[in-house]
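Scroll down for the structure; my scribbles are underneath it.
Here the structure is a predicted model, which is why all the values come from computation and not from measurement.
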Amino acid sequence: MKPTLRGADRASALLGLPGWTDCPDRDAITKTFRFRNFAEAFSFMTHVALAAERMNHHPDWSNAYDRVMITLSSHDAGGVTLRDTRLAQAIEEAAARTGSIPAP
């Protein structure tokens with residue numbers, strides 16, 4: 001089992017991940033991504049799905065038209081680990097490739 005990130009280690013890991021915040025109700029990080037339309041949001045989700053499968057680490061997520069809400073937590077560790085921040089980085093790269101726009 002991987003150790004969970006706490007305190008300064010967690011803050012440091014999130015520095016390069018703009019917009020990712022702690023979930024108020026569980027030990028997880030979350031971010032909402034916005035796109036110009038459903039097709040772009042779906043394209044993004046496809047990119048993330050492929051990255052998640054390669055990493056064998058899958059997000060909790062939902063989609064509503066032009067938005068994709070993602071929550072990351074390592075269930076086997078009971079919280080946020082380096083696996084989550086690595087997947088978050090891959091998600092950021094997918095968002096840049098697929099046209100993510102700032103969420104309001």
Side-chain angles (χ1 to χ4, degrees):
M1 181 171 17
K2 304 285 185 193
T4 57
L5 295 172
R6 303 258 184 237
D9 290 334
R10 186 161 176 161
S12 177
L14 292 177
L15 277 178
L17 299 169
W20 287 89
T21 59
D22 288 319
C23 287
D25 58 342
R26 62 187 259 211
D27 191 359
I29 56 175
T30 189
K31 183 174 179 178
T32 297
F33 294 86
R34 186 171 157 228
F35 299 86
R36 286 186 293 266
N37 54 49
F38 177 77
E40 286 184 3
F42 192 85
S43 174
F44 166 72
M45 292 178 74
T46 301
H47 281 83
V48 172
L50 294 170
E53 192 64 21
R54 279 191 305 274
M55 298 173 79
N56 193 29
H57 188 50
H58 305 92
D60 294 333
W61 60 2
S62 63
N63 164 251
Y65 181 61
D66 64 346
R67 286 176 173 65
V68 178
M69 294 68 66
I70 300 178
T71 301
L72 300 175
S73 181
S74 294
H75 302 288
D76 60 340
V80 177
T81 69
L82 286 176
R83 287 180 74 198
D84 299 298
T85 58
R86 287 184 191 120
L87 181 54
Q89 183 59 49
I91 290 168
E92 289 296 323
E93 292 166 10
R97 284 192 309 271
T98 56
S100 176
I101 56 178

Margin query: Any heavy-atom pair between the side chains of Ser100 and Phe44 that's under 4.5 Å?
Written below: no
Note to self: I'd like to know if Arg10 pairs up with Asp84 as an ion pair, taking the criterion as any Lys NZ or Arg NE/NH1/NH2 lying under 4.0 Å from an Asp or Glu carboxylate oxygen.
What the structure shows: no
Notebook entry, point to check: Could you give the distance from OG1 (Thr85) to CG (Leu14), rounded to the nearest 0.5 Å?
Noted result: 7.5 Å
Next item on the list: Consider only side-chain N and O atoms of Glu53 and His58, and report whether a donor and an acceptor are under 3.5 Å apart.
Entry: yes
Checklist line | From Asp60 atom CG to Thr30 atom OG1, the distance as rounded to the nearest 0.5 Å | finding: 9.5 Å
Checklist line | Over 12 non-hydrogen atoms of neighbours within 6.0 angstrom of CZ in Arg26 | finding: yes
Notebook entry, point to check: So which of Arg67, Glu40, Glu92 actually passes side chain to side chain contact (heavy atoms under 4.5 Å, CB included) with Phe33?
Noted result: Glu92
Check: Which heavy atom in Gln89 sits nearest to a heavy atom in Gly16, and how many Å separate them?
Finding: OE1-O, 3.9 Å
Item checked: Verify same cluster id: Leu87, Met69 (apolar side-chain graph, 4.5 Å) -> no
Next item on the list: Compare every heavy atom of Lys31 with every heavy atom of Pro18, then report the nearest pair and how far apart it is.
Entry: O-NZ, 2.8 Å
Check: Quick check: does any side chain N or O of Arg83 sit under 3.5 Å from a backbone N or O of Asn56, one acting as donor and the other as acceptor?
Finding: yes
Checklist line | Considering all heavy atoms, the nearest Thr4-Thr81 contact | finding: CA-CG2, 4.1 Å
Next item on the list: State yes or no: do Met55 and Val48 share one hydrophobic cluster built from I, L, V, M, F, W and Y residues joined by side-chain heavy-atom distances below 4.5 Å, directly or via other members?
Entry: yes
Notebook entry, point to check: For the hydrophobic clusters of this structure (ILVMFWY residues joined by side-chain heavy atoms under 4.5 Å, transitively), does one cluster hold both Tyr65 and Phe42?
Noted result: yes
Next item on the list: Let me see the working for Thr98 and Phe35 under side-chain contact (heavy atoms from CB on, under 4.5 Å), right down to the final yes or no.
Entry: CA-CA 8 Å; Thr98 56; Phe35 299 86; 3.6 Å; yes
Next item on the list: Spell out, yes or no, whether Val80 and Leu82 are grouped together once hydrophobic residues are joined by side-chain heavy atoms under 4.5 Å, including indirect joins.
Entry: yes
Notebook entry, point to check: Hey, quick one: are Ile91 and Leu17 part of the same hydrophobic cluster, counting side-chain heavy atoms closer than 4.5 Å, chains of contacts allowed?
Noted result: yes
Check: Is there a side-chain contact between Met45 and Val68, using heavy atoms and a 4.5 Å cut-off?
Finding: yes
